[in-house]
Amino acid sequence: MWDRLAASDPGLLRLTAGLRTVTAIALTLAVLAALRVPVSQLVAGAMAAMVATFAIREKQRGRQAVTLALGLPVALASVSLGALLSQRVVAGDLFFVVLIFCAVYGRRFGDRGTALGLIGFQVYFLSLFVRAAVSGLPELYGVICVAFACSAAARFVLLPQTPAGTLDRLRRAFRARLAQLIAAQTELLDAGPDDVEKVLEDLRTGTARLHETALMIQGRLEDGTSDPAVARLLQRRIADAEIAAERLGLLLLTARSAERTDTLTLHLPGAPLPSGGELPVRDEATAALRRDLKALRVLMLRPAGEASGTALAQVRNRLLGYREEENLPDAAPAVQDVFRGLGEAARASLGLRVALDGPQDESDDSPATARSREELDAEDAAIETSEESEPAEAEPAGLKRPTTRAAVQVAVGSLLAIAGGELLSGQRWYWAVLTCWIVFINTASTGEILVKGYRRLLGTVLGVVAGIGLAGLVGHHTWTAFALVLVFIFAMFYTAPLSYTLMSFFVTAMLGLLYTLLNTYSTAVLVLRIEETALGAACGVFAAAVVLPVHTDRRTNDLLVAALDRLAEVTRGAVDQLSGGAGGDLVEQARELDQALADLRAATQPLTHPITPLRSRRDTARYVVALLETCAYHGRSLAATAELLPTHPSIAADPRLRGACGRIVHNIEAIAAHVADPRSTAEIETGPSIASMLEPGSLRTPRYGRVTDRVLRHLQRLDEAVSGLARPLGVAGGPAQPRG
């Protein structure tokens with residue numbers, strides 16, 4: 001069960017966020033209840049504790065403490081201005097708009113600027129919610145100070161979280177998700193014709209979730225490790241394990257099919273298994289394969305303290321033995337390839353275990369295991385920390401800067417929301433402003449804002465229904481209502497990264513209980529919240545579409561060009577190194593490619609959302625992203641293979657590879673140029689396969705599964721995938737030009 005939890009919530013980040021927020025609120029309520037403050041101040045304290053806890057997102061504890069300390073005077077100033085301006089309608093509204101502009105603009109100053117802006121806005125909103133008055137400011141000051149103190153206690157004493165601890169939990173999650181992916185691969189081996197599509201979808205999901213965890217680990221290596229060399233080693237071993245697991249899935253798919261499986265099968269939702277997915281013959285080799293897949297899963301899951309003993313050592317030795325031709329069972333070539341993939345996955349598991357848990361007991365090693373350890377030690381010794389850093393790209397100035405544009409947009413949208421909200425209700429107009437503010441958080445295009453506004457409205461409608469029922473059940477039982485509020489707050493933070501609709505549902509249901517506590521509840525109030533939410537979302541979408549708009553097409557095109565540029569860099573660097581040159585920091589380049597692809601995937605969500613009316617456009621966006629994921633897989637594999645070059649005895653540099661891959665890089669650059677400027681005359685080149693472009697005998701081409709053949713296979717698949725990208729993007733093609 002713990003492994004399942006670790007896999008579903010990598011690093012336990014959602015669980016920690018929910019528990020920490022609930023703990024801070026519960027502690028605040030306990031202290032304020034002991035002081036016998038009225039219910040309105042209990043509500044204010046709970047809201048202030050929630051804001052002080054969730055607003056701070058920095059990873060280092062020292063920086064968190066500084067931001068929390070700076071947030072207290074910001075909160076006190078904000079609540080003071082809220083109380084002072086509560087009776088001055090025009091001045092209060094104008095100040096609220098200025099505050100919103102400053103809060104959004106503050107994002108350009110990083111996590112601290114974002115946190116302080118969020119605290120300022122939310123505490124001003126708090127003053128409107130509890131109807132703060134100047135006469136009650138001293139009591140509110142005390143309540144906010146208690147809330148911040150309790151938030152600090154929850155963060156630093158009761159539920160501390162260090163970068164190293166988070167990284168350790170993320171590594172456990174990576175192993176758990178790796179084991180889940182291998183379990184799905186085992187199911188694929190035995191899946192019948194009626195079940196194969198479902199298992200294939202589970203395989204796609206497991207592969208995507210493993211990649212997501214790998215990205216999370218790579219993003220926290222710098223803060224979670226003190227030695228850059230250790231961070232680089234961990235990054236390399238995580239990438240090796242991910243590539244080996246994905247390759248094993250492809251080999252299993254090929255073993256079920258009558259033809260070589262395209263990598264796109266793992267990345268495109270709804271793509272069928274080639275040739276109908278025929279069942280393998282139930283022979284001894286298949287039984288051994290099933291057994292060894294389960295054994296590999298056990299090896300991946302077991303931490304160092306539980307992975308000792310002769311039995312597990314024998315299992316590890318058997319799996320690593322499949323890296324030698326003489327240890328392969330007598331079976332069909334495609335099934336033998338799966339056993340080779342098992343050996344490579346076991347090697348990646350061994351490297352991951354050594355990198356994560358340190359030196360292991362080598363007393364029971366077989367010769368094959370000893371050779372694998374020697375290869376890993378040689379690779380570790382060859383890893384050098386690069387001190388060079390690329391110059392940062394110049395940030396756009398003026399209104400072209402994203403934070404400035406977003407600040408202007410949300411200010412205009414808030415003005416509209418205030419005007420419309422006042423027409424709906426002179427008392428609760430601020431709900432429209434809050435919605436307008438929220439739809440701009442973590443969004444960058446009109447399409448993203450539209451989808452977020454729709455999700456918030458849907459969650460609000462469902463939450464109102466739940467709030468009406470709960471308010472009737474709870475009545476005036478104050479502490480029962482507060483207990484339910486804590487449950488909803490935990491659920492809100494736990495589900496926020498998964499579903500914005502669910503989060504909005506829990507927020508609205510919680511507000512129904514808060515209104516009950518403040519004796520201001522009525523069905524009309526909750527219905528008004530739906531109206532104000534719809535108005536705020538509409539104002540946000542209108543402002544984003546009219547004021548300095550960033551259309552979804554433009555943003556996705558920019559991110560597509562960035563992803564293509566990163567892909568070209570990785571491909572060029574990997575092939576340069578495989579050709580005998582210096583390819584640079586390939587692991588870091590591969591990480592940048594993965595991050596660029598993740599940004600593109602997030603930006604295309606408005607295009608691929610189920611409610612979009614443009615079905616053909618949705619299918620095209622999914623196909624392009626899936627093809628890019630296929631390209632990224634082959635690019636990562638080439639980079640990982642190129643980094644083996646200095647230490648692996650079976651890999652030799654060949655200068656002809658550079659000329660053979662020139663077409664791939666040219667085609668990537670031609671597609672990027674066409675996406676950036678549709679008037680571009682650049683064309684892709686077509687021609688013979690990569691392998692046929694090399695003179696016979698220039699590369700030793702052993703049996704499938706060897707490293708040299710793998711380089712050619714990845715280059716060929718990458719060439720095909722890049723050419724496939726040209727068709728949906730409307731790039732013309734022509735004959736290949738002579739190269740090298």
Strictly distance-based, threshold 3.5 Å: is any side-chain N or O of [X] a donor or acceptor partner for the main-chain N or O of [Y]?
| X | Y | answer |
| --- | --- | --- |
| R20 | L159 | yes |
| T16 | L13 | no |
| S445 | T552 | no |

Closest contact, heavy atoms only, [X] versus [Y]:
| X | Y | result |
| --- | --- | --- |
| A544 | I449 | CB-CD1, 3.4 Å |
| D565 | A672 | OD1-CB, 4.1 Å |
| A75 | I144 | CB-CG2, 4.1 Å |
| V439 | G453 | CG1-CA, 3.8 Å |
| P606 | V451 | CA-CG2, 3.8 Å |
| A55 | A115 | O-CB, 3.4 Å |

Can you confirm whether [X] sits close enough to [Y] that some side-chain heavy atom of one is under 4.5 Å from a side-chain heavy atom of the other?
| X | Y | answer |
| --- | --- | --- |
| V485 | I25 | no |
| W437 | V104 | yes |
| F101 | V410 | no |
| F125 | V51 | no |
| I56 | R155 | yes |
| L126 | V43 | no |
| T446 | R554 | no |
| L81 | F95 | yes |

Enclosure of Y141 OH (heavy-atom neighbours >12, cutoff 6.0 Å)
yes

Derivation and outcome, side chain to side chain contact (heavy atoms under 4.5 Å, CB included), residues L84 and V134:
CA-CA 6 Å; L84 288 170; V134 176; 3.7 Å; yes

Using side-chain contact (heavy atoms from CB on, under 4.5 Å) as the criterion, list what pairs up with V465, not counting sequence neighbours.
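Testing V465 for side-chain contact (heavy atoms from CB on, under 4.5 Å), a comparison that skips the adjacent residues, returns none.
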
Go through it in stages, so that I can follow the logic: the residues are T604 and V624, the test is side chain to side chain contact (heavy atoms under 4.5 Å, CB included), and I'd like the CA-CA distance, side-chain angles, deciding distance and then a yes or no.
CA-CA 10 Å; T604 56; V624 168; over 6 Å; no

Calculate, to the nearest 0.5 Å, the distance between atoms [atom1] and [atom2] belonging to [X] and [Y] respectively.
| X | Y | atom1 | atom2 | result |
| --- | --- | --- | --- | --- |
| L450 | R455 | CG | CZ | 10.5 Å |
| T28 | M50 | OG1 | CE | 11.5 Å |
| D599 | D558 | CG | CG | 12.0 Å |
| R555 | D553 | CZ | CG | 13.0 Å |
| T533 | L434 | OG1 | CG | 8.0 Å |
| I100 | S414 | CD1 | OG | 3.5 Å |

Taking salt bridge (Lys or Arg N to Asp or Glu O under 4.0 Å) as the cut-off, I'd like each qualifying pair that reaches into residues 59-84, sequence neighbours left out, listed once.
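Every salt bridge (Lys or Arg N to Asp or Glu O under 4.0 Å) pair that includes a residue of residues 59-84, provided the two are not neighbours, is E58-R63.
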
Could you give all pairs that pass the salt bridge (Lys or Arg N to Asp or Glu O under 4.0 Å) test and reach residues 82-100, with sequence neighbours left out?
none

Summary of side chain to side chain donor-acceptor pair (under 3.5 Å) pairs that have at least one residue in [range], sequence neighbours excluded:
| range | value |
| --- | --- |
| residues 489-512 | R456-Y500, T508-R529 |
| residues 143-152 | T53-S151 |
| residues 109-135 | T67-R112 |

What is the ring orientation for Y105 with F109, classed by angle as parallel under 30°, tilted 30 to 60°, or perpendicular over 60°?
perpendicular

So W431 and F129, would you call those rings parallel, tilted or perpendicular, with 30° and 60° as cut-offs?
perpendicular

Would E569 and R566 pass as an ion pair if we require N to O under 4.0 Å?
yes

Residue pair L424, E532: steps toward the side chain to side chain contact (heavy atoms under 4.5 Å, CB included) verdict
CA-CA 8 Å; L424 287 175; E532 296 279 3; 3.5 Å; yes

Does the side chain to side chain contact (heavy atoms under 4.5 Å, CB included) test come out yes or no for V146 and L32, once each step is laid out?
CA-CA 8 Å; V146 168; L32 294 178; 4.1 Å; yes

